[in-house]
2 protein chains.
Amino acid sequence: MSLEDKRIIVMATDGFEDSEFNEPFQRLQTEQASVTIVSTNESVITGKDGTTYDVDIHVSEVDAEDYDALVLPGGVANPDKLRTDEDAVRIVREFFEQHKPVSAICHAPWMLIEADVLDGRTITSWPSLRTDVENAGAIWVDKEVVVDEGLTTSRNPDDLPAFCDKMVEEILEGKHAEQTA
Amino acid sequence: MSLEDKRIIVMATDGFEDSEFNEPFQRLQTEQASVTIVSTNESVITGKDGTTYDVDIHVSEVDAEDYDALVLPGGVANPDKLRTDEDAVRIVREFFEQHKPVSAICHAPWMLIEADVLDGRTITSWPSLRTDVENAGAIWVDKEVVVDEGLTTSRNPDDLPAFCDKMVEEILEGKHAEQTA
């Protein structure tokens, strides 16, 4: 079991929570997936604690049809910026429309609110988002990882081992009919 | 016209947008108001760009009955932390229940969402909050300052002159029956 035929996007911008980018990214590479870093920045993104990554593709050039799954790291500033970009939000929505696995941790579920894909879904997040998540129509639970038909969510960096395991499991399973916009 | 008989709370925690604390705070002092700095921190708060203020009273010890108005500076990390504190949220709600003026700028309207006081109100905010604000039942508009029956809101530091003027005007007017929880 590996992800060697899978093409995965990790989408973030400046201010991401370093471990929440690094650990899923490394795990996807260990599993032999093809990983593409997508951002609203043109060339480089820098984490809250200084980690940098080169951007592979700008959000304006991404067609979700070319990929199998989406991973969204947290960090408060990162999704707060990303959610104001129309293309970043469109990309999230396309993955849901195409029933493809999406994994979001910490503050990243703000992107799910912005893409208007949470009605009736069950998720977790950083606790500050709870009211926003519930107002968007979702059921919010306090667990290290929640899997709801291809949608994997976790609360914080301590949850990363469980988050990465479920992220890989859902990507291996492929499309989920109930994962929809 | 001055605010010399008015007792005002400015509530924030670490990560506040420095100018959004400094300018309203100085304006209130110029107008001779009695200003109390309230926080979830016990002793000192530090802005995003390094400004520090001594905390006068911890959130757990505040009774809104003792004050005439509330001012909430922005900065993404500040309200993201404050909204997870039960006392900070209770204080916001008490000001609305008591029909007292509340002024919130930038990311601070997350506190209004958390206090569940936005249904049917018209406000502005930093643009990333628009969807959260609308999901909380408010009408969101893109203006430098919006005044709705004692509730004054603005988008960002460029709006501070207009924000501070309306903040003072609403505090002078006193209680507004339509400002409610």
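We name chains A, B, ... by the order of the sequence lines, and we start the count at 1 in each one.
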Are there more than 12 heavy atoms of other residues, nucleotides or ligands under 6.0 Å from atom CD of A:Glu86?
no
Can you give me the closest heavy-atom contact between B:Ser128 and A:Asp80, atom names plus distance?
OG-OD1, 2.6 Å
Kindly compute the distance separating OG1 (B:Thr131) from CG (A:Asn135), expressed to the nearest 0.5 Å.
12.0 Å
Below 4.5 Å, heavy atoms only, C-beta onward: do B:His107 and A:Val76 meet side chain to side chain?
no
Do other residues, nucleotides or ligands put more than 12 heavy atoms under 6.0 Å from B:Lys166 NZ?
no
Using the rule that Ile, Leu, Val, Met, Phe, Trp and Tyr join whenever any side-chain heavy atoms are under 4.5 Å apart, tell me whether B:Val59 and B:Leu72 fall into a single cluster.
yes
Should A:Val10 and A:Val92 be counted in the same cluster of Ile, Leu, Val, Met, Phe, Trp and Tyr side chains packed under 4.5 Å apart?
no
Point-to-point distance, once rounded to the nearest 0.5 Å, from CZ of A:Arg83 to CZ of B:Arg130:
12.0 Å
Find the distance between CH2 (B:Trp110) and CG (A:Asp132) and round it off to the nearest 0.5 Å.
7.5 Å
Quick check: is B:Leu129 connected to B:Ile123 through a chain of hydrophobic side chains (ILVMFWY, heavy atoms under 4.5 Å apart)?
yes
